[in-house]
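Everything below concerns the one structure shown next.
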Amino acid sequence: MTRWPDGGRRLAFGGDYNPEQWDEAVWAEDLRLMQEAGVNLVTVGVFSWALLEPRPGTYEFAWLDRVLDGLAGAGIAVDLATATASPPAWLSRLHPEILPETVDGARMSFGARQAWCPSSSIYRDAATALAEQIAIRYADHPALAMWHVGNEYGCHVARCYCEISAEAFRGWLRRRYRDLDALNDAWGTSFWSQRYHEWDEISPPRRAPTFSNPTQRLDFRRFSSDELLDCYCAERDVLRRHSPDVPITTNFMVSRFDELDYWAWAREVDIVSNDHYLLASDPAPHVELALSADLTRGLAGGAPWLLMEHSPSAVNWQPRNVAKRPGEMRRNSLAHVARGSDGAMFFQWRAAQAGAEKYHSGMVPHAGTDTRVWREVVELGESLGRLSESAGSRVTAEVAMVFDWQARWAVDGDPMPARGLSTAHPTVDASYLGTVRGLYTPLWEAGITVDFVAPDADLSGYRLVLVPMLYLVEDAAIARLERFVEQGGTLLITYFSGIVDANDHIRLGGYPGAFRRLLGVRAEEFFPLRAGETVQLDDGTAGDIWTELLHPDGAEVIASYADGPLPGVPAITRHSFGSGAAWYMATSLDGPGLSLLLRRLVDEAGVSAVVEAPAGVEAVRRRSPDGTTHLFLINHNDADAKVAAKGTDLITGESAEGSVRVPARGVAVVEEVVEEKES
Ligand code: GAL
């Protein structure tokens, strides 16, 4: 369900606001500057538990009253946090058992943030009690627009291995399997003498002499995601009781953080919100940004979502914290908006003077407002104001990519095998996200919009569906994918897909067990490549990481290996199935190979680009229910670009009579003129 504050009439602009870190004298200046920049939404109180409840059960809200009253007076709406992301020192002093335990059994200490065990009932009770006090006090406050539960659940502590967690894990397993025989079957415990005869014999997958049981690890990740989701839901339910009409969210981190099954989480929030930070080590961070935004839109089911955090300039937590170049923040913000975010929010409003994040940029830098960051913030606020018509509009796509956290977890080998060993899987190089990114990049380059979908999603609206490394797959998803192709769709499945069932047991009879029928192939053995080794294909492209001894069984061979361990063996196949076609990519193609393959697929499926644009100019269209469209054009090149468009560039206010100029490293957003249809 999506319920927007303010009826969704404008794009949100603002950020995390932590006035408790500043003297009250600064607050008045904050309000003035927020108004100057056009800020209309701020997230307040995320890390303020220790101030709101300085002693158990004693609440001090007067300072927060003054903050919210000031914001309301300035016409700035509040995304009010439940303040439960970081418990105060007194809670872990009174109850040290709430502190989480690592895989090695070490107890973490107070002194950073998020030091709580997801299964601790003491933490949960204290957190929901605080959420309730906040809800009672502020449910009817005029500034309140949205609730912000916790913060980036699992960011630092996604799994806790303590005895309380172990007990909760056993409870979760009892509910899942009902009896021990079912668990023993699912976990394959006849292997290495792991059979359990009592529930109490089961623990979390703590450090063990060598590879631990993979299904135990997988279930522990499922359990840990569920435990955190329960924490979120407990607070959400309290808020809902006191303010049934105020939307509730918690901020995700969809692209890099892999600890939560966000498909399950997305069902529980009113508004999907996401945090995104560029990695300085990424050679094309803007492509990763686009992927993250598209994935977030997928979680929102295509509805508008909210970019809850990104950075005005540098962050403080990478080895080298690279500042954003002039114009980069605008491109980043508007790329998220282009892909469905109804706003651009930042971490954080004012750069901190103290604490571990003091080198993280803020909308108001340490150096004050006579700075290029501040000027760019003000300009961005102006631009977003001019784009308010696009609020509530949607992005549509002809291409879908299947994304699945369970498959991603199962692909990950044991992160802590014994000395001298590195993986229990065929190769350490098979990367889930790398494969997703590999397929996504050529589509980004071609200006083709991609939706991300769950494996069992309805695919009927798409022409082309891509299935990267769906290593673990359930029967329902196999049926969905088969039906999609039968009914005329074009599908691509990559290597290391369809290998295991939900219990991480091999689907027997030849690889890829789940998709042999659909792909018309059968592989008898994997032939992973050595580090750095490549293979040539007979169509002139190349692959690395993976090859397999593949036999066509109804499929047509599109390309075979010209060298490597399997010369003459098929690498790319195509199988006519019903009225569609299922393609298989049995190796990890390099960039040019992926581009060629995707071009073929796009042509075969009849998929078109948003608009014809020069390389490096990103194009996405948002469409409002009344038919108004906004064409977002983001130029990542050093030279101006010209793109065919008719309408008004809302950034400059100039009209585009057939084409629009997109400045070097700049953005144009054209409100398009809809050609009158002849009746
Ligand atoms: C986010 C977090 C913020 C802040 C930010 C710094 O992960 O939610 O509180 O720490 O990172 O980049």
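First listed ligand is number 1; within each ligand, the first listed atom is number 1. If you're wondering where the values come from, they're calculated on a predicted model, not measured in any experiment.
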Shortest protein heavy-atom distance from atom 1 (C) of ligand 1, along with the residue and atom involved: Glu309 OE1, 3.0 Å

Residue and atom name of the nearest protein heavy atom (relative to atom 5 (C) of ligand 1), distance in Å to one decimal: Tyr277 OH, 3.5 Å

Residues Arg66, Asp69: salt bridge by 4.0 Å N-O rule: no

Where ligand 1 meets Asn151 - atom numbers and elements under 4.0 angstrom, heavy-atom basis: 2 (C), 8 (O), 9 (O)

Candidate list Thr250, Thr82, Asp16, Asp79, test side chain to side chain donor-acceptor pair (under 3.5 Å), partner His148, passing option: Asp79

Parallel, tilted or perpendicular: rings of Trp265 and Tyr153 (30°, 60°): tilted

Short N or O distance, Asn251 and ligand 1, threshold 3.5 Å exclusive: no

Contacting atoms of ligand 1, where contact means under 4.0 angstrom from a heavy atom of Phe347: 3 (C), 4 (C), 5 (C), 6 (C), 9 (O)

Minimum-distance protein heavy atom relative to atom 10 (O) of ligand 1: Glu357 OE2, 2.3 Å

Side-chain touch Glu36/Trp374, heavy atoms, less than 4.5 angstrom: yes

Ring pair (Phe, Tyr, Trp, His ring centres under 6.0 Å) partner of Phe346, chosen from His336, His360, His310: His310

Asn316 N/O under 3.5 Å from ligand 1 N/O: no

Among Trp263, Tyr262, Tyr432, ring pair (Phe, Tyr, Trp, His ring centres under 6.0 Å) partner for Phe403: Tyr432

Asp230/Arg236 under salt bridge (charged side-chain N to carboxylate O under 4.0 Å, His left out): CA gap, chis, key distance, verdict: CA-CA 10 Å; Asp230 281 356; Arg236 180 210 49 196; over 6 Å; no

Numbering as shown, the atoms of ligand 1 that approach Phe47 to under 4.0 Å (heavy-atom distance): 9 (O)

Nearest neighbour in protein (non-hydrogen) for atom 9 (O) of ligand 1: Arg113 NH1, 3.0 Å

Contact check: Asp16 vs ligand 1, nitrogen or oxygen atoms, below 3.5 angstrom: no

Mutual orientation of the aromatic rings belonging to Tyr123 and Trp116 [parallel < 30°, tilted 30-60°, perpendicular > 60°]: parallel

Contact with ligand 1 for His156, non-hydrogen, under 4.0 angstrom: no

Best match, Gln318, Glu152, Gln348, His360: closest heavy atom to atom 7 (O) of ligand 1: Glu152

